[in-house]
Amino acid sequence: MRLVMKFGGASIADGEKIKWVAELINRYRDHELVVVTSALKNVTDHLLEQADMVTDAGDLESVRELIGHLRGIHYRAANIAIDDEITLNQVLGELDSRICKLEQALTGICYLGELTPRSSDYISSYGELLSAPILSGALRSIGIPSTHLTGGEAGIITNSEYGEAKPLGGTNERIRESLLPLIRECVPVVTGFIAEDASGIPTTLGRGGSDFSASLIGDAIDADEIWFWKEVSGIMTADPEIVPDARNIPLISYIEVMELSYFGAKVLHPRAIEPAIRNDLPVRVLNTFDPDFTGTLVVKDQEQGKEVVKAVTVIENIALVNISGAGMVGTIGVAARVFGALADAGVNITMISQGSSEANISIVVEGSHLNIAADAIRSEFRNGVIRELTMNPDVSAIAVVGAGMVGIPGIAARVFTAMGDAGINVIMISQGSSEHNISCVVQSDDAERAVRALHHEFGLGLPRS
Ligand code: ASP
Ligand code: MG
């Protein structure tokens, strides 16, 4: 088989884990493999936070501290993951030269006091630029021929939309040209998340974008399957930290995974598997630390089974804006003006609901956008129409997801009865016309209880028959 295997940051969090991952890859040596790797756990977050800090504070001492910290964790990981001395020295040399370049870039932004999206991409790309040589070295040190490549070297060429770059046409051909000759000879380890634009400037595919890299590569090289190795047992019916009896979902459709990703489940990057699904490539989500477990298989379509609801998720850090006023009733264009104003202010809208009386519109936005959203609406309607604008910053959205809900009556009733029985006040409800999810907004304090109540109501914790 030809397989693309992607390892997330938690799977390669330190030297021991990287060593384990190399052994795991070794099990599949008889196949043609491409490995896609994330940064070591938390490194991307840390790079981005520190880059902001350095820009604001303009203080070279914090650059030195950050570099010292990164050098420490990557050296330590390499020392543990790579037994063979020659390989280890090679890898340490590569890490060193990359860390020097990063230090120069950070020093630059420190002096300039300005972090552009382009430099932010450059800096955040170092998470993967430092992890890939270690994983590739760990493979060589156990006798697997391997080399490492950046996403750009592997052929992923994007536009210059830094932070959220999109692949350009021709990427598939380039990936094939660069990887197909390699996979016959060795296991290439490709940095996830990062790519480059047509002029060779580093870009990134958006946070969590390594999944997307894997899927682009799988599609281009016509892989038989794409395996996402995570630290959890596949895709679960709910977050096990909230619902202790959450279970693995063995089979799920692409559309359901998309809904889950949009609604806060950190399973796969929402755009991640689109290239795979377009070409009908089976995608598996597996557990690095329980590799014999079958995990979750994601397929394009799934026949409607008896499970109407597959999973319950929650999005935190959202906020509600409520607009009301008798002047809105029957006035054409109010909603358009609201959405226009929010779009102009760069506010992302998560959910919308309007009562049929038309005297009220409720909008859910990201928590960090709340004040911008409120200001934008106030300024758009400074001459009236809207009588009152209220905000609630402490809400969460709960979504019940399952393609099996389509056309089955009574699901919404069960959702609201379960919430009522648990004494939870539902602030707003919404169902997309796809009928693949029903979502509702509750006070954040009630969110976890709501997830547990719904998980129980739909029997998701029970053993499957
Ligand atoms: N390292 C990147 C991030 O943390 C990409 C990824 O892990 O998928 O967002
Ligand atoms: Mg990640």
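Just follow the structure's listing: the first ligand is 1, and inside any ligand the first atom is 1. Scope of the values below: all heavy atoms of this structure, side chains included, with no hydrogens, waters or symmetry mates.
Near Arg207, meaning under 4.0 Å from any of its heavy atoms, are these atoms of ligand 1: 3 (C), 4 (O), 9 (O). Heavy-atom contacts of Ser38 reach the following atoms of ligand 1: 6 (C), 7 (O), 8 (O) (cutoff under 4.0 Å). Of all atoms in ligand 1, listed by their number and element, those nearer than 4.0 Å to a heavy atom of Thr44 are 1 (N), 2 (C), 3 (C), 4 (O).
Under the ring pair (Phe, Tyr, Trp, His ring centres under 6.0 Å) criterion, the residue pairs touching residues 65-110 are His46-His69, with sequence neighbours excluded. Applying the salt bridge (Lys or Arg N to Asp or Glu O under 4.0 Å) test to every pair with at least one member in residues 60-79, sequence neighbours left out, gives these pairs: Glu61-Arg64, Arg71-Asp96.
Figure legend: Lys17 and Phe289 shown as a cation-pi pair, the cationic atom lying under 6.0 angstrom from the six-membered ring centre and within 45 degrees of its axis.
Panel note: side chain Asn248, backbone Ser233; a donor-acceptor pair is recorded below 3.5 Å. Distance alone, capped at 3.5 Å, is enough to place a donor-acceptor pair between the Ser141 side chain and the Asp83 backbone.
Not a single N or O atom of Lys6, backbone or side chain, sits closer than 3.5 Å to an N or O atom of ligand 1. Backbone and side-chain nitrogen or oxygen atoms of Gly208 are examined, and one is located within less than 3.5 angstrom of a nitrogen or oxygen of ligand 1.
In this structure, Gly192 has no heavy atom closer than 4.0 Å to ligand 1.
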